[in-house]
Amino acid sequence: MTAPLVLQLDERLKHALEREATRRGLSPGQLVSDLLEESLRQARRQRIRADSARVGDHVASSPDALSLFEDIGGAHMAGTSE
């Protein structure tokens with residue numbers, strides 16, 4: 001189920017959106033929806049990468065955390081510390 005969303009675009013952006021939608025064979029509304037979905041996926045991936053980097057930084061700076069990762073590393077860690 002979709003819900004209406006009202007956007008106010010200046011004429012330049014409105015025309016650019018209409019041209020791109022036509023080029024892709026989509027309605028302007030579908031193009032906006034597709035662009036928003038892709039932007040949300042990218043934002044989520046960036047957030048996951050940033051969170052992973054923070055965890056990696058913490059582990060690298062904490063002997064206790066590093067020890068925990070080495071203890072529970074499993075087969076995928078084989079050969080990394082020896």
Side-chain angles (χ1 to χ4, degrees):
M1 186 163 132
T2 62
L5 175 66
V6 177
L7 300 175
Q8 293 186 357
L9 307 174
D10 64 26
E11 286 300 311
R12 181 195 56 81
L13 187 54
K14 179 183 174 207
H15 291 302
L17 179 67
E18 289 170 345
R19 281 191 308 272
E20 184 62 20
T22 299
R23 189 186 71 74
R24 294 186 189 196
L26 300 170
S27 69
Q30 184 60 53
L31 177 59
V32 168
S33 181
D34 290 355
L35 293 172
L36 287 172
E37 284 183 25
E38 177 58 27
S39 293
L40 290 171
R41 280 192 295 273
Q42 288 177 2
R44 181 175 180 265
R45 285 192 298 266
Q46 288 173 346
R47 191 173 56 254
I48 290 168
R49 284 187 196 108
D51 289 347
S52 296
R54 278 193 293 278
V55 169
D57 290 345
H58 173 72
V59 169
S61 68
S62 168
D64 289 338
L66 186 57
S67 176
L68 175 65
F69 270 74
E70 288 172 348
D71 290 346
I72 64 170
H76 67 280
M77 294 290 289
T80 59
S81 62
E82 298 177 346

Legend entry - Donor on one side chain, acceptor on other, Q42 and E38, under 3.5 Å: yes
Inset, instruction - Indicate, with yes or no, if L31 and L7 share a hydrophobic cluster defined by side-chain heavy-atom contacts under 4.5 Å among Ile, Leu, Val, Met, Phe, Trp and Tyr. - result: yes
Inset, instruction - Please check if V59 and I48 belong to a single hydrophobic cluster, counting links between Ile, Leu, Val, Met, Phe, Trp and Tyr side chain heavy atoms closer than 4.5 Å. - result: no
Legend entry - Linked hydrophobic residues, L40 as query - side chain contacts closer than 4.5 Å: none
Legend entry - Non-hydrogen side-chain atoms of R41 and R45 separated by less than 4.5 Å: yes
Inset, instruction - Check whether any side-chain heavy atom of S52 sits under 4.5 Å from a side-chain heavy atom of R49, and report yes or no. - result: no
Inset, instruction - Say whether, by atom type as modelled, one donor and one acceptor occur between the side chain of S62 and the main chain of H58 under 3.5 angstrom. - result: no
Legend entry - Donor-acceptor under 3.5 Å (T22 side chain, E18 main chain): yes
Legend entry - L26 side, atom CG; E20 side, atom CD - distance, nearest 0.5 Å: 9.0 Å
Inset, instruction - To the nearest 0.5 angstrom, please state how far the CG atom of L17 sits from the CZ atom of R12. - result: 11.5 Å
Inset, instruction - Go through H15 and R19 one step at a time and tell me if the side chain to side chain contact (heavy atoms under 4.5 Å, CB included) criterion holds. - result: CA-CA 6 Å; H15 291 302; R19 281 191 308 272; 3.5 Å; yes
